[in-house]
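To keep things clear, I will list the structure first and then write my remarks on it.
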Amino acid sequence: MISVATVCSMGLGTSQILAMQVRKILKDLGIEARVDPIDLGSFKSQPADIVVAQTAMGEQVSGTRAKVVLIDNLIDRAHVQSRVLEAIEAFRAEQ
Amino acid sequence: MTDSERPMSGYSGPTMSRRQFLGASANDVHGNGAEMDSTQGSGLNLIGVRAAAEAGSWSDAIEIAGALLTAGGVCTNEYVQAMAAAVRDSGPYMVIAPGMAMPHARPEDGVLQPGTAIVTLAAPVEFGSPANDPVDLVIAFAALDKNAHLETLQRITELLMNETALNNVRAATTDDELWAALSGGPTTVGEAS
């Protein structure tokens, strides 16, 4: 199963909202994935297949094996969906 | 007594303050309170609001929201300073959508009880977010742990995704109008789950 980490610096706000949005999107599309909200420090020690974060966190979430998905607008579900699906397709293409 | 602390008039009877009505119901979302269930404000765990506040900078905006949280007994002054430090150190990512910032700090920074404060700004300010500046809506929250406030975050997300409710929030020019916009908007409970 694809693992998705939604990341922010504390693991309390942005990452939790991202996790809700990504879970809803993947559930509606019937895509099985494990989605975990996580703080930046924890992510670095346990990276996932895909990492989703707000765009301003771009540099901090780079440099692991995870495919990076950066979201400008967390409440624009179409925007989140297109970015996340792109990454899932890219990940699957490499398997 | 400030505007945001005055007893509510209009929709839940004269003996209950808005703080009681909106704040105390957070743990009762799945309970028997049908009236509370029907409001968005309930799950938001709202402690205070300020409409069309005058802020000259992002730090002013944090102070205004933080003052509502401390006045409501939600957190210490140290927590407010920690929110400002978090924005300063890694802030732009907390601007989660165009014009909307969600400042917060960690539970151990001085949270006394969970709570949310919502402030709209008369004139938007820059938080340093290339994608989403300038900010005119500040949603500050205090959480006791990573899971206890998920209901609140879900309600915040539902509110922000509800264009009609969001327009009403931004159009509010008084604290009363802002309370009403946050409490009486179309119910979308469950939509974002």
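Please read all numbers here as calculations on a predicted model, not as lab measurements.
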Sub-3.5 Å donor-acceptor pair from the side chain of [X] to the main-chain atoms of [Y], do we have one?
X: A:S15; Y: A:V7; answer: no
X: B:H149; Y: A:L12; answer: yes
X: B:R170; Y: B:L137; answer: no
X: A:E32; Y: A:I2; answer: no

Verify the neighbour count for atom CD of B:E163: are there more than 12 heavy atoms of other residues, nucleotides or ligands below 6.0 Å?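 Not buried by this count: 12 neighbours or fewer within 6.0 Å.
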I need the residue from B:D145, B:L153, B:I156, B:V95 with the largest number of non-hydrogen atom pairs under 4.5 Å to chain A.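 Most heavy-atom pairs under 4.5 Å with chain A: B:L153.
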Determine whether B:E54 and B:I64 make a side-chain contact, defined as any pair of heavy atoms from C-beta on separated by less than 4.5 Å.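 Sidechains of B:I64 and B:E54: no contact.
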With chain A as the partner chain, list the residues of residues 111-132 of chain B whose heavy atoms fall under 4.5 Å from it, by residue number, and write 'none' if nothing qualifies. B:A131, B:N132
Name, in order of residue number, those residues of residues 49-74 of chain A that have a heavy atom at a distance of less than 4.5 Å from a heavy atom in chain B; otherwise write 'none'. A:Q54, A:A56, A:M57, A:D72, A:N73, A:L74
Engaged part of B:D89 at the chain A interface, taking heavy atoms whose separation is under 4.5 Å: neither
Is there a donor-acceptor contact under 3.5 Å linking the side chains of A:D39 and A:S42?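 The criterion, which ignores hydrogens and geometry beyond distance, is satisfied for A:S42 and A:D39.
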When you compare the side chains of B:S59 and B:E63, does any donor N or O come within less than 3.5 Å of an acceptor on the partner? no
Tell me the closest heavy-atom pair linking B:C75 and B:T70, and the distance in Å.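 For B:C75 and B:T70, the tightest heavy-atom pair comes out as O-CG2, 3.4 Å.
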Give a yes or no on whether a salt bridge exists between B:R155 and B:E158, defined as a side-chain N under 4.0 angstrom from a carboxylate O. yes
